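Because the structure is predicted, anything quoted here is derived from the model rather than measured.
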Amino acid sequence: MTEEIRLSIGVPSSGFVRSGFAHSLANMMGHLASVGIQSRPGATLTIYLNMVEGSVIHMAREEIVTRSLEQDATHLLFLDDDMVFEANILDNLMEHRKPIIISNYLLKTENPVFLTVDRDRREIRTTEQSTGLQLADSGGFGVSLFEMDVFKKTPQPWFLPLYLPEIKKYTTEDVPFFYRTRKAGFDTYVDHDVSKKISHIGNKMWRWDQLK
């Protein structure tokens, strides 16, 4: 039986897309149009592009998931508009057949650290020797792939931040999300090979290999 992949590409945006992101997205779409997903030979591929503009990131992500469910998508690929990536990243992400796979990238700070942490809340670093998948606790959505069962089996709200009274601050939307999906039975894995194919755009680019 032919595998049918219905891919939602979700792009939450504040309304200003970096040229590097636009170039990466165009290259990826061209790659998929010409060769499909090479790690899933013979599969049919339907693509939905869901870009949601707004100033509240967790509302944009919630809307993207809602649209993806309405479209009966099988997978959701989050691509944040401050990411640059190689055209074949989906080939790498799809080959693992895991419900949640994220990439590892540096925070845009003066002394950058990797965003992904393990179950002991320790930083996971992508180095020259890093390869394959590693079990993670949480990370960023910048380049991340989800099977839609994750959202069907994890109760809403998916991306609602939490308030931390001890420091009087709100969390980002990612850490609570991965807590909720883990509670629903889904592990999160970071793909070190994909992590070496992306960059995080700020006033400069933060790459996996800049920490020595």
Side-chain angles (χ1 to χ4, degrees), residues 8-29 31 49-61 64 76-94 96 98 100-118 121-146 159 161 169-178 188-212:
S8 168
I9 298 176
V11 182
S13 177
S14 62
F16 297 94
V17 174
R18 298 276 191 163
S19 59
F21 172 82
H23 186 260
S24 296
L25 181 60
N27 280 343
M28 188 187 76
M29 297 294 276
H31 176 82
L49 181 58
N50 291 303
M51 178 177 281
V52 174
E53 184 177 328
S55 59
V56 183
I57 186 69
H58 56 278
M59 290 179 63
R61 293 200 194 280
I64 286 169
L76 169 60
L77 176 67
F78 269 130
L79 296 175
D80 287 359
D81 66 2
D82 60 353
M83 304 300 296
V84 170
F85 43 90
E86 294 185 15
N88 66 344
I89 55 167
L90 197 58
D91 294 327
N92 299 103
L93 292 168
M94 278 285 190
H96 303 298
K98 297 286 187 183
I100 304 176
I101 304 180
I102 62 175
S103 58
N104 200 15
Y105 52 95
L106 294 172
L107 287 171
K108 296 183 286 186
T109 57
E110 198 58 40
N111 298 300
V113 295
F114 283 102
L115 192 56
T116 308
V117 297
D118 64 18
R121 304 301 298 168
R122 296 175 301 192
E123 177 190 15
I124 293 177
R125 291 193 167 201
T126 296
T127 68
E128 188 173 355
Q129 290 74 37
S130 303
T131 189
L133 298 182
Q134 181 176 345
L135 187 65
D137 183 78
S138 64
F141 291 114
V143 176
S144 52
L145 182 68
F146 303 87
F159 303 101
K169 291 183 179 180
Y170 288 92
T171 67
T172 53
E173 83 282 12
D174 45 20
V175 175
F177 170 83
F178 290 111
T188 296
Y189 292 88
V190 60
D191 187 324
H192 288 293
D193 299 308
V194 167
S195 302
K196 297 176 183 180
K197 295 183 175 185
I198 67 173
S199 298
H200 199 191
I201 312 173
N203 294 326
K204 63 178 183 178
M205 288 190 182
W206 281 261
R207 279 185 51 86
W208 69 274
D209 56 356
Q210 77 181 67
L211 297 182
K212 301 296 183 183

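Residues forming a ring pair (Phe, Tyr, Trp, His ring centres under 6.0 Å) with Phe178 (at least two apart in sequence, or on another chain): Phe141. For Asp82, the salt bridge (Lys or Arg N to Asp or Glu O under 4.0 Å) partners two or more places apart in sequence, or in a different chain, are Lys108. Listed by chain and number, the residues in a side-chain contact (heavy atoms from CB on, under 4.5 Å) with Val56 are His58, Met59 (sequence neighbours excluded). Applying the side chain to side chain donor-acceptor pair (under 3.5 Å) test to Lys197 and every residue at least two apart in sequence or in another chain returns Asn88, Asn92. The side chain to side chain donor-acceptor pair (under 3.5 Å) check on Thr126 picks up Asn104, His192, with sequence neighbours excluded. Remark: Tyr105 engages His200 in a ring pair (Phe, Tyr, Trp, His ring centres under 6.0 Å) (not counting sequence neighbours). Taking Arg122 as the reference, Asp118, Asp120 meet the salt bridge (Lys or Arg N to Asp or Glu O under 4.0 Å) condition, with sequence neighbours excluded. Annotation: salt bridge (Lys or Arg N to Asp or Glu O under 4.0 Å) contacts of Glu173 (sequence neighbours excluded): Arg61. Residues passing the side-chain contact (heavy atoms from CB on, under 4.5 Å) test with Ser55, sequence neighbours excluded: none. Annotation: side-chain contact (heavy atoms from CB on, under 4.5 Å) contacts of Val84 (sequence neighbours excluded): Ser24, Ser199, Ile201, Met205. His23 meets the side-chain contact (heavy atoms from CB on, under 4.5 Å) test with Asn27; sequence neighbours excluded. Applying the salt bridge (Lys or Arg N to Asp or Glu O under 4.0 Å) test to Glu53 and every residue at least two apart in sequence or in another chain returns nothing.
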Q.
Working note: Thr109 + Asn111, criterion side-chain hydrogen bond (donor to acceptor under 3.5 Å, both in side chains); need CA distance, chi angles, decisive distance, verdict.
A. CA-CA 5 Å; Thr109 57; Asn111 298 300; over 6 Å; no
Q: Dump the intermediate steps for side-chain contact (heavy atoms from CB on, under 4.5 Å) on Leu93 and Val143, then the final yes or no.
A: CA-CA 10 Å; Leu93 292 168; Val143 176; 4.3 Å; yes
Q: Could you check Val11 against Phe78 for side-chain contact (heavy atoms from CB on, under 4.5 Å), going step by step and ending with a plain yes or no?
A: CA-CA 6 Å; Val11 182; Phe78 269 130; over 6 Å; no
Q: Kindly determine whether Ser195 and Val190 satisfy side-chain contact (heavy atoms from CB on, under 4.5 Å), including the steps that lead there.
A: CA-CA 8 Å; Ser195 302; Val190 60; 4.2 Å; yes
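Taken from CZ in Phe85 to CG in Leu90, the straight-line distance is 10.5 Å, to the nearest 0.5 Å. Leu79 CG to Ser13 OG: the interatomic distance, rounded to the nearest 0.5 Å, is 12.0 Å. Remark: Asp193 CG to Thr131 OG1 distance equals 3.5 Å, nearest 0.5 Å. Annotation: the span from Met51 atom CE to Asp81 atom CG amounts to 6.5 Å, rounded to 0.5 Å. Between the CD atom in Gln134 and the OG1 atom in Thr188 there is a gap of 12.5 Å [rounded to 0.5 Å]. Rounded to the nearest 0.5 Å, atoms CG (Asp191) and NZ (Lys196) are 10.0 Å apart.
Across all non-hydrogen atoms, the minimal contact from Phe146 to Ile100 is CE2-CG2, 3.5 Å. The two residues Pro176 and Thr171 make their nearest non-hydrogen contact at CG-OG1, 3.2 Å. In terms of heavy-atom proximity, Pro12 sits nearest to Ala60 at CB-CB, 3.9 Å. Residues Pro112 and Leu106 share a closest heavy-atom pair of CB-CB, 4.1 Å. Ile102 and Ser144 get closest at one heavy-atom pair: CG2-CB, 3.9 Å. Asn50 approaches Ser8 most closely through the heavy-atom pair ND2-OG, 2.9 Å.
Between Asp137 and Arg121 a salt bridge is recorded (basic side-chain N to carboxylate O distance below 4.0 Å).
The shortest side-chain heavy-atom distance between Leu135 and Tyr189 falls under the 4.5 Å cut-off. Within the 4.5 Å cutoff, no side-chain heavy atoms of Glu128 are placed close to those of Asp209. No side-chain heavy atom of Arg125 sits under 4.5 Å from any side-chain heavy atom of Thr116. By the 4.5 Å heavy-atom criterion applied to side chains, Ile64 and Leu76 are counted as neighbours.
Using a distance-only test at 3.5 Å, with no hydrogens or angles considered, no donor-acceptor pair links the side chain of Glu123 to the main chain of Val117.
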